[in-house]
Amino acid sequence: QVQLVESGGGLVQAGGSLTLSCAASGRTFSIYRVGWFRQAPGKEREFVGAVNWSGGGTYYPDSVKGRFTISRDNAKNTVYLQMNSLKIDDTAVYYCAAGGGGLWSTHYDYWGQGTQVTVSS
């Protein structure tokens with residue numbers, strides 16, 4: 001069993017940066033791939049990136065590639081989402097999830113409660 005808690009969301013101006021954290025409880029957290037998703041009002045949940053168990057492998061969709069970076073510290077049971085050059089369209093609730101990895105939310109077994117990110121002009 002893994003429990004995830006996101007933090008670090010808030011209000012930021014366009015072009016700014018924000019780092020989200022995903023803190024996990026559970027001894028076996030390090031074996032899971034971790035993904036980040038976001039959901040804006042009226043839109044479907046969108047994949048924004050994932051990291052493998054070691055942190056050595058990451059992948060991102062084109063919409064955030066070059067702006068978002070995922071890292072993980074298994075010793076601290078924490079995964080980070082560094083977001084740079086934020087755009088208004090990045091406004092959403094951001095979720096971390098642990099599981100088998102990949103682009104699809106159905107591949108993840110555990111989810112956090114989400115943290116709001118709002119990008120203003």
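Since the model is a prediction, treat every value here as computed from it, not as a measurement. Starting from 1, each residue takes its place in the sequence as its number.
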| said: Within the supplied structure, the quantity of interest is the number of heavy atoms (other residues, nucleotides, ligands) at a distance under 6.0 Å from W53 CH2; does it exceed 12? | reply: no
| request: For Y80, check ring-ring contact (aromatic ring centres under 6.0 Å, His included) against everything at least two apart and list the hits. | output: none
| Pairing residues for D62 by the salt bridge (Lys or Arg N to Asp or Glu O under 4.0 Å) criterion, not counting sequence neighbours | K65
| S7: what forms a side chain to side chain donor-acceptor pair (under 3.5 Å) with it, not counting sequence neighbours? | none
| Y108 and G102: which non-hydrogen atoms are nearest, and at how many Å? | OH-O, 2.7 Å
| field | Which residues share a salt bridge (Lys or Arg N to Asp or Glu O under 4.0 Å) with R38, sequence neighbours left out | value | E46, D90
| message | If you compare all heavy atoms of E6 against all heavy atoms of Y94, which two are closest, and at what distance to 0.1 Å? | response | OE2-O, 4.0 Å
| task | Output yes when a side-chain donor or acceptor of T91 lies under 3.5 Å from a complementary backbone atom of D89, and no otherwise. | result | no
| task | List in chain and number order the residues that pass side-chain contact (heavy atoms from CB on, under 4.5 Å) with S85, two or more places apart in sequence or in another chain; answer none if no residue qualifies. | result | R67
| request: Indicate yes or no for a side-chain donor-acceptor contact from Q116 to the backbone of G10 under 3.5 Å, with no hydrogens or angles considered. | output: no
| field | Ring center gap for Y110 and Y32 short of 6.0 angstrom | value | yes
| message | Given 3.5 Å as the limit, does a donor-acceptor pair link the side chain of Q13 with the main chain of S120, or not? | response | no
| message | Among residues at least two apart in sequence or on other chains, which ones pass side chain to side chain donor-acceptor pair (under 3.5 Å) with N52? | response | S54
| said: Among residues at least two apart in sequence or on other chains, which ones pass side-chain contact (heavy atoms from CB on, under 4.5 Å) with L103? | reply: F47, Y59
| note | Sorted by chain and residue number, the side chain to side chain donor-acceptor pair (under 3.5 Å) partners of N74 (sequence neighbours excluded) come out as R72
Check residues 14-22 and write down every donor-acceptor pair under 3.5 Å in which the side-chain atom is one partner and the other belongs to a residue at least two apart or another chain.
{"residue": "S17", "atom": "OG", "partner": "N84", "partner atom": "OD1", "Å": "2.9"}
{"residue": "T19", "atom": "OG1", "partner": "Q82", "partner atom": "OE1", "Å": "2.4"}

| query | What are the two closest non-hydrogen atoms of A24 and L4, and how far apart are they? | reply | CB-CD2, 3.5 Å
| request: Say whether M83 and F37 are linked into one hydrophobic cluster, either directly or through other cluster members, by side-chain heavy-atom distances under 4.5 angstrom. | output: no
| query | Between Q113 and V5, is any pair of side-chain heavy atoms under 4.5 Å apart? | reply | yes
| field | Contact check, side chains of V93 and T115, non-hydrogen atoms, under 4.5 Å | value | no
| query | What pairs with Y95 under ring-ring contact (aromatic ring centres under 6.0 Å, His included), at least two apart in sequence or on another chain? | reply | none
| query | Can you list the residues that meet the side chain to side chain donor-acceptor pair (under 3.5 Å) rule with Q3, with sequence neighbours excluded? | reply | none
| query | Are the ring centres of W36 and F68 closer than 6.0 Å? | reply | no
| task | Sequence neighbours left out, what passes side-chain contact (heavy atoms from CB on, under 4.5 Å) with A40? Give chain and number order. | result | K43, A92
| task | With rounding to the nearest 0.5 Å, note down the distance linking CD in Q1 to CG in D109. | result | 9.5 Å
| Can you find a heavy atom in the side chain of S105 that is under 4.5 Å from one in the side chain of W111? | yes
